[in-house]
Number of protein chains: 2
Amino acid sequence: MLQTEILCQSPIFRGISPDDLRELFSRILYQVKTYQKNDLITIGGEICDRLLIIQQGSVKAEMTDYSGKTIKIEDLAAPWPLATAFLFGKENRFPVTVSATSEVEMVSIPKPEFVKLLQMNSLILNNYLNTISSRAQFLSQKLKFLSFKTIRQKIAHFLLEKAGDRLQTVEIMQTQGQLAEMFGVTRPSLARTLSEMSQEGLIEIDRRTIKIPDKNRMNQLLKS
Amino acid sequence: MLQTEILCQSPIFRGISPDDLRELFSRILYQVKTYQKNDLITIGGEICDRLLIIQQGSVKAEMTDYSGKTIKIEDLAAPWPLATAFLFGKENRFPVTVSATSEVEMVSIPKPEFVKLLQMNSLILNNYLNTISSRAQFLSQKLKFLSFKTIRQKIAHFLLEKAGDRLQTVEIMQTQGQLAEMFGVTRPSLARTLSEMSQEGLIEIDRRTIKIPDKNRMNQLLKS
DNA sequence: TTATAAATGTATCAAATGTTACAAACTGAA
DNA sequence: TTCAGTTTGTAACATTTGATACATTTATAA
């Protein structure tokens with residue numbers, strides 16, 4: 001049984017009224033499947049040719065490693081969609097194995113039918129395009145960050161990004177520990193590098209605010 | 001002047017006949033702009049509210065760093081689209097500054113008009129979705145690779161990925177130098193680690209083929 | 001075959017970062 | 001204030017990787 005009041009909360013159907021959504025669904029083919037706790041919903045490696053949206057209950061996504069063991073990746077609950085990034089593109093396979101962690105109702109829309117939905121309603125189209133574009137942008141940012149090798153470079157990038165064109169001082173909201181985790185380094189290593197950069201006059205630290213006296217000099221760090 | 005014979009070679013319009021494409025364009029608003037060599041086409045940070053496709057000529061994309069200097073990112077030529085990943089999503093700004101490297105004709109389609117195109121033609125819709133999804137998938141893969149810290153882990157991931165479930169031996173097509181570049185490490189470091197792993201019995205190297213006697217043991221490396 | 005270039009194996013040393021440990025400074029609640 | 005928990009600064013040492021150099025092996029073309 002389709003519950004459009006819930007589905008319209010999903011990122012993909014956001015902004016559509018439950019009634020409109022019901023009307024849209026009446027014009028396509030779809031299934032609502034029920035799973036019991038621990039039932040398998042998708043298997044990693046399986047072809048992804050339909051969009052799955054959790055209508056009721058919660059699931060967990062696990063990845064199978066090379067030795068066959070599974071590692072939990074994330075928990076998802078209604079009304080979230082599954083694997084939106086793998087419905088299109090070159091690699092049309094579920095990257096993860098998904099199983100129910102409670103009684104679950106799953107709306108399953110075959111890819112061609114979902115394409116119809118996208119063409120019928122520009123809001124859905126925009127929502128979906130925004131979802132996967134944002135993901136690509138997020139990944140791109142993350143990748144750029146990781147591309148800086150040394151801790152100094154990561155700090156320089158982080159600070160210059162935060163400062164923008166205008167500001168000369170940056171207010172840090174995270175603890176050193178959180179920053180270190182973002183940077184993928186250990187906390188003492190980050191502290192050491194900050195202290196070194198401070199001694200060299202690259203930055204001036206006062207509690208949670210960091211001043212960059214010479215942005216050009218800081219920028220040099222990103223070159224090598 | 002719109003040249004649909006060229007545009008239909010573009011990833012976004014692939015599979016559409018020049019005539020059909022002309023008909024589709026007749027139903028939307030668009031512009032064809034001409035630029036002379038060295039003219040600026042987009043400026044980094046500018047709002048990205050239109051799709052740009054190179055119809056004639058070539059351009060270069062440059063990124064402006066914090067000190068105002070520019071670094072060349074890539075060269076693009078007809079019939080390639082620009083910044084497809086930034087038309088939608090949260091960050092609607094061109095990440096790069098694009099300028100003409102020859103006389104250039106650029107087709108400019110405002111975002112709402114492009115959305116119309118997507119809705120009118122399911123092939124264009126599929127092409128576009130495939131383009132940005134593939135990008136997200138590519139980035140995701142790259143990120144996973146970079147998330148392994150030590151060279152041992154990168155090698156283990158690379159080999160296990162190549163071997164899949166079945167095979168016990170992997171044939172390497174690249175030189176060590178190329179592999180090292182993929183991994184983002186120096187060639188001697190890679191060679192040293194390979195030789196250490198070989199001594200420990202983790203792998204057996206014979207020219208370009210590598211055997212993995214114990215995949216479980218290899219898999220352990222990815223855990224810590 | 002031979003000459004040449006490319007690829008590989010290996011060694012040494014330096015630099016960067018991780019690991020562990022502990023003290024000092026800060027923060028918030030009783 | 002006082003005290004417990006968190007955050008920060010810093011030190012000593014281990015580990016990993018980079019940089020450089022050079023000999024050896026392998027591939028390629030004349």
Item to check | Spacing of A/E181 atom CD relative to D/dT8 atom P, expressed in whole Å | outcome: 14 Å

Checklist entry - Which listed nucleotide (D/dG9, C/dA21, D/dG18) is nearest to the side chain of B/T186? => result D/dG18

Checklist entry - Is any side-chain N or O of A/S195 closer than 4.0 Å to OP1 or OP2 of D/dT10? => result yes

Next on the checklist: I need the CD1-P distance between A/I205 and D/dT10, as an integer number of Å.
Outcome noted: 9 Å

Checklist entry - Rounded to whole angstroms, how far apart are CZ on B/F148 and C1' on D/dT16? => result 18 Å

Next on the checklist: For C/dT8 and B/R208 - does any side-chain N or O of the residue sit under 4.0 Å from the phosphate oxygens OP1/OP2?
Outcome noted: yes

Item to check | Pair B/E196 + B/R152: basic N to acidic O under 4.0 Å | outcome: yes

Item to check | Nucleotide C/dG9, atom C1' - distance to CG of B/L190 in whole Å | outcome: 12 Å

Next on the checklist: Taking donor-acceptor contacts at under 3.5 Å, does the side chain of A/R187 reach the base of D/dG9?
Outcome noted: yes

Checklist outcome for this item: Between B/V185 and A/Q199, the residue closer to the 5' end of DNA chain D by nearest nucleotide is A/Q199

Next on the checklist: To the nearest 0.5 Å, what is the distance between CG on B/L159 and CG on B/L202?
Outcome noted: 10.0 Å

Next on the checklist: Within the 4.0 Å heavy-atom criterion, would you say B/R152 contacts the bases, only the backbone, or no part of the nucleic acid?
Outcome noted: nothing

Checklist entry - Only one of B/I54, B/T34, B/I53 clears side-chain contact (heavy atoms from CB on, under 4.5 Å) with B/E105; which? => result B/T34

Checklist entry - Across the strands shown, which category fits B/T175 at heavy-atom distances under 4.0 angstrom: base, sugar-phosphate, nothing? => result sugar-phosphate

Item to check | Interatomic distance where CG belongs to A/D206 and P belongs to D/dT8 [whole Å] | outcome: 13 Å

Checklist entry - Going by atom types alone, do B/T84 and B/T131 pair a side-chain donor with an acceptor below 3.5 Å? => result no

Item to check | Nearest-angstrom distance from the residue atom CD1 of B/I172 to C1' of D/dT26 | outcome: 17 Å

Next on the checklist: Parallel, tilted or perpendicular, judged at 30° and 60°: which one describes the rings of B/F114 and B/F88?
Outcome noted: tilted

Checklist entry - Among D/dT8, C/dT10, D/dG18, which is the nearest nucleotide to the side chain of A/Q176? => result D/dT8

Checklist entry - Whole Å only: how far is the NZ atom of A/K149 from the P atom of D/dT17? => result 12 Å

Next on the checklist: Within the 4.0 Å heavy-atom criterion, would you say A/T193 contacts the bases, only the backbone, or no part of the nucleic acid?
Outcome noted: nothing

Checklist entry - Is the distance from OP1 or OP2 of D/dT17 to the nearest side-chain N or O of B/S189 less than 4.0 Å? => result no

Item to check | Modelled atom types, side-chain donor and acceptor of B/E103 and B/Q56, under 3.5 Å | outcome: no

Next on the checklist: Classify A/L194 by what it touches in the nucleic acid, base, sugar-phosphate, or nothing, heavy-atom distance under 4.0 Å.
Outcome noted: nothing

Checklist entry - Roughly, in whole Å, what's the span from CD in A/Q174 to P in D/dT6? => result 19 Å

Item to check | Side-chain donor/acceptor contact of B/R192 with base of D/dG18 under 3.5 Å | outcome: yes

Item to check | Nearest listed nucleotide, side chain of A/I151, among C/dT17, C/dA11, D/dT17 | outcome: C/dT17

